[in-house]
Amino acid sequence: MPEIDREWLEEENRVKMVSKELDKKLQSLKEKTGGLKHDIIDLRKNFWNDVTLNLADENEAVETFTSIKQQAELLSERERSHKQFYSQVKKLLKIKESPYFGRIDFLEEGTEKTESIYIGLSSLMDEKEECFLIYDWRAPISSLYYNYVPGPAKYEVPEETIHGMIELKRQFLMKAGRLKAMFNTDMAIGDELLQEVLGHQANIQMKSIVATIQKEQNQIIRDEKSRYLIVQGAAGSGKTSAALQRAAYLLYRGRGKIAADQMLLFSPNLLFNSYVANVLPELGEENIQQTTFQEYLEKQFGKQIICENPFQQLEYCLTASENKNGQKRLTSIEYKSSLAFKTFIDDYLVFLGNGNLLFKNLTFRGEKIITGEAICTFFQSLDVSRSLPNRIEQTAKWLLQILKEQEKQERKKDWVIEEIELLDKEDYLKAYKHLQEEQQFAENTFDDYEREQNLLSKMIVNQKFKPLKQAVKAFSFLDFKSVYLQLFSGWATPDLDRDDWNEICSYTNQTFCFTRLPYEDAVPFLYLKNQLKDGEKNTLIRHLFIDEAQDYSPFQFAFLKSLFPSSKMTILGDVNQAILAHTLREKTLHSKDINEVEKTKIVQLRRSYRSTKEIVEFTKRLINGGDEIEPFNRSGTKPTLTISNHVSVHRKKIVSQITNLQKNGQKTIAVICKTVQECHEAANQLEKHITLKLIDKETRIFQSGVLVIPVYLAKGIEFDAVIIYDGSKKQYGRETERNLFYTACTRAMHELHLFSCGEASPFLKDIPNEMYSRRE
């Protein structure tokens, strides 16, 4: 028998052996879960039959309570055990589908026997629970598979480094528990396996990449030392996938020390949350918390303030950047996003502490009961050596004492008597019950008219004052809007061009609306407010993941650091995909943006796996520095450019292209537009001929089919085919729109088709003609 056939047979037999072992474990667990299930049903059915009910006296009542508690604890314990067993069944069924994907034969230094190590999604022990049949991909020894080719190798365990030789490295493809392919490799992960995985169609949910993790991705996943890990990666380089595997790895390594609810992912939009929701459960871990930065801001603001979102800000800047107000706003956005503005606010806080805070009048029933001037006088009387938040807190306590005295005076006023007289029977009974609960008097003594009036007066006034007291506790006596606007009133001039600063001050004072906050003012306003209130910090979150981090400003990074002081951060982005308004002039995602260079590690991912070689070679020429991007060697069709001079012809050709893509079996086809307005126009015309779904910022579920989507919502997602709805000079002609254009084009996995109504974007001029097919 040829050697290759013998090895195949050996591996096939081993898969069958592992499958039988899995069947045994599954059968055992199913028997246990089945028995537990019947126990639980019986316990629920007979719960009260098994409880001694006797409330005759105090002793009997205690015995009854004890009996109920014991029965409830027994039921809870059975349900807990059933849940654990069921979780193990699910894990074993997942292993059975594809038991493992890799093998290394490792000869440890100082030993004589080579050990064959099989690596899969989860660990599996033999029947006697003595030897590993499969090692979890996160186990220390599994790092050999990702980091080394055959030859000298090492891996770390607690307090020791193990050295040795890798004698064999083998990869497997399995489906439905059967071996489909295997190949030996002298590379980190062989191209054969990647070709197989990457050649598939796009999924509506991101999948785990444990079988194809590359060496550079593995270094990101297993980094446990860096406080701030910045991953700068080309489009399609696997940044997000690596980050989610990293979360799974950290949960595995920190079992009992860190839980899924102590990790938080800031994702770019709601649609992306749906796209990545299945990765961690597929790896056998609970999902970590997910939110968008916008959602987090809105939660901080509460219901009183509506905050513009970054996409609305971007839409404004894309459509109004040529007019005078548009340029003013861009200048304002750029400065308010900087660490220099944060420093300016920090200086302003010192100014406020010197007696320059602004306070509101406290009013009750339309009348001033404490003036802002009186509050200011008290505040200024406090010891300036105390911190600013401390003095504000002391002012709040003083105000609550004043309100307490004011309450006593209000009880005697005519409006209170009128309120009592207007009480209907139901309100009166509620008041009676409320007063009884407070034990103001015993039953059958609610017949003293004067006492009754006093108690009702107290209750009514307390209720009316309650919102005012809550407002004082929330420091709402501070005039936050005026305090923020005072920043731009000439109290000082920052280190900025005077004309630019004057424009920023003028524009802010003209456009700032407290009930609908401009996006560029959201973080500075919250930061200032939190510094005045000594706002609560989130110490529960131990690890923060920030995706599409190139769209966060230096000020926003500093704000997140202040909110999550105990957290490590994994920061993922691509400066070439920076598209939000504050990045139109200056790019972020540097260690200086984190402002703690010595605690920061930067990793570069230059190889792109998402798109075919033809698409990567095309898109890398759209950006400066694109020559550093390395395409993966997966061939496909060249991108196409179709130019039409009439709108009707332009749309007809797009419909024809979509129809051809569908005939060729492409499942997810994205028609990417520059703005929401263009999306609506495109959808209105295209839906006359094809079935499609219009995606907007409220869309939460990622689906297959034809999707019409603005470029900023397509970030982080991949599609079988991408159609650029209008890649004309009119739409993508300014240098500030280059990243938008690049981001849109790099969403394509297998096919990229650009359509231009009129002259094509100048960004295409530097691309050699042989790299794409031109159609007229």
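Only a predicted model underlies this, so the values are computations on that prediction, with no experimental measurement involved.
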Measure up the Y275 and F272 rings against each other and bin them: parallel (under 30°), tilted (30 to 60°), perpendicular (over 60°). tilted

The single option from R634, Q666, E614 passing side chain to side chain donor-acceptor pair (under 3.5 Å) against H750: R634

For the side chain of R170 and the backbone of M182, is there at least one donor-acceptor N/O pair under 3.5 Å apart? no

Looking at residues at least two apart in the chain, or sitting in another chain, which of them share a side-chain contact (heavy atoms from CB on, under 4.5 Å) with K693? I695, T699, Q703, L707

Checking Q217 side chain against Q214 main chain: does a donor-acceptor pair fall under 3.5 Å? yes

For the backbone of T668 and the side chain of S704, can you confirm whether one donor and one acceptor N or O come within less than 3.5 Å of each other? no

Check whether any side-chain heavy atom of I709 sits under 4.5 Å from a side-chain heavy atom of R747, and report yes or no. no

Residues at least two apart in sequence or cross-chain that pass ring pair (Phe, Tyr, Trp, His ring centres under 6.0 Å) with Y519, listed by chain then number, are none

Heavy-atom distance under 4.5 Å between the side chains of I119 and W137, does that happen here? yes

Heavy-atom side-chain proximity of Q556 to H582 below 4.5 angstrom: yes

Quick check on K94: does its NZ atom have over 12 non-hydrogen neighbours (other residues, nucleotides or ligands) under 6.0 Å away? yes

Going by side-chain contact (heavy atoms from CB on, under 4.5 Å), name the residues that satisfy it together with Q300, two or more places apart in sequence or in a different chain. Y296, L526, N530, L563

Interatomic spacing from CG in L572 to CD in E548 - rounded to 0.5 Å: 8.5 Å

Within this structure, what is the CD-NE2 distance for the pair E108 and H163, rounded to the nearest 0.5 Å? 10.5 Å

Can you find a heavy atom in the side chain of Q171 that is under 4.5 Å from one in the side chain of F101? no

Answer yes or no: is there a side-chain heavy-atom contact under 4.5 Å between R178 and V15? no

I need the I629 CD1 to T619 OG1 distance, nearest 0.5 Å. 6.5 Å

Is E295 paired with K299 through a side-chain N to carboxylate O contact shorter than 4.0 Å? no

Are side-chain heavy atoms of I104 and Y148 found at a separation under 4.5 Å? no

With sequence neighbours excluded, give me every side chain to side chain donor-acceptor pair (under 3.5 Å) pair touching residues 257-271. S267-N273

Going by side-chain contact (heavy atoms from CB on, under 4.5 Å), name the residues that satisfy it together with E224, two or more places apart in sequence or in a different chain. Y249, L250, R253

Are R138 and E285 close enough for a salt bridge, meaning some N to O gap below 4.0 Å? yes

Any donor and acceptor pair, going by atom type alone, linking the side chain of D105 with main-chain N or O of E167 inside 3.5 Å? no

Evaluate side chain to side chain donor-acceptor pair (under 3.5 Å) for K537 paired with S562, printing each intermediate quantity in order. CA-CA 7 Å; K537 294 173 172 56; S562 69; over 6 Å; no

Between F557 and Y228, does a side-chain contact (heavy atoms from CB on, under 4.5 Å) hold up when you go through it step by step? CA-CA 11 Å; F557 279 129; Y228 304 109; over 6 Å; no

For the residue pair R14 and Y118, would you count it as a cation-pi contact if the rule is NZ or CZ under 6.0 angstrom from the ring centre and within 45 degrees of the ring axis? yes

S611 side chain to A748 backbone, donor-acceptor under 3.5 Å: yes

If I compare all heavy atoms of L580 with all of D551, which pair ends up nearest, and what's the gap? N-OD1, 3.3 Å

Please check: side-chain N/O of N147 versus main-chain N/O of N218, any donor-acceptor pairing under 3.5 Å? no

Is D574 salt-bridged to K239, cutoff N-O under 4.0 Å? no

Might you point out which heavy atoms bring L605 and E216 nearest each other, and give the distance in Å? CD2-CG, 3.2 Å

Rounded at 0.5 Å granularity, tell me how far OG in S237 sits from CZ in R606. 11.0 Å

Is M165 close to P152 at the side-chain level, that is, under 4.5 Å between some pair of heavy atoms? yes

Going through the distances and angles, do Q245 and V279 end up as a side-chain contact (heavy atoms from CB on, under 4.5 Å)? CA-CA 8 Å; Q245 320 301 306; V279 175; 3.6 Å; yes

Note: Y145 and G102 closest approach over all heavy atoms is CE1-CA, 3.7 Å

Which class fits the ring pair Y609 and F632: parallel under 30°, tilted 30 to 60°, perpendicular over 60°? tilted

Going through the distances and angles, do R246 and T570 end up as a side chain to side chain donor-acceptor pair (under 3.5 Å)? CA-CA 9 Å; R246 174 168 169 73; T570 299; 2.9 Å; yes

Run the side-chain contact (heavy atoms from CB on, under 4.5 Å) test against E159 and tell me which residues pass, sequence neighbours left out. none

Should D547 and K715 count as side-chain neighbours, where that means a heavy-atom distance under 4.5 Å? no

I would like to know whether F132 and M125 meet side-chain contact (heavy atoms from CB on, under 4.5 Å); could you show each step before the answer? CA-CA 4 Å; F132 279 98; M125 303 286 285; 3.5 Å; yes

Backbone of Q550 reached by a side-chain donor or acceptor of Q577 within 3.5 Å: no

Which atom names give the shortest non-hydrogen contact between R227 and S567, and what distance separates them? NE-O, 3.2 Å

For L168 and R103: C-alpha separation, side-chain torsions, deciding distance, then whether side-chain contact (heavy atoms from CB on, under 4.5 Å) applies. CA-CA 8 Å; L168 172 74; R103 165 186 168 182; 3.6 Å; yes

Distance-minimising heavy-atom pair for F106 and A153: CE1-O, 4.3 Å

Please determine if E718 and R610 form a salt bridge, counting it only when a charged side-chain N lies under 4.0 Å from a carboxylate O. yes

NZ/K336 to OG/S553 distance, rounded to the nearest 0.5 angstrom? 12.5 Å

Nearest 0.5 Å, please: how far is CG in L713 from CG in D696? 7.5 Å

Kindly give the heavy-atom pair with the smallest separation between P99 and I134, and that separation in Å. O-CD1, 3.3 Å

Taking S123 for the side chain and D136 for the main chain, is one N or O donor matched with an acceptor at less than 3.5 Å? yes

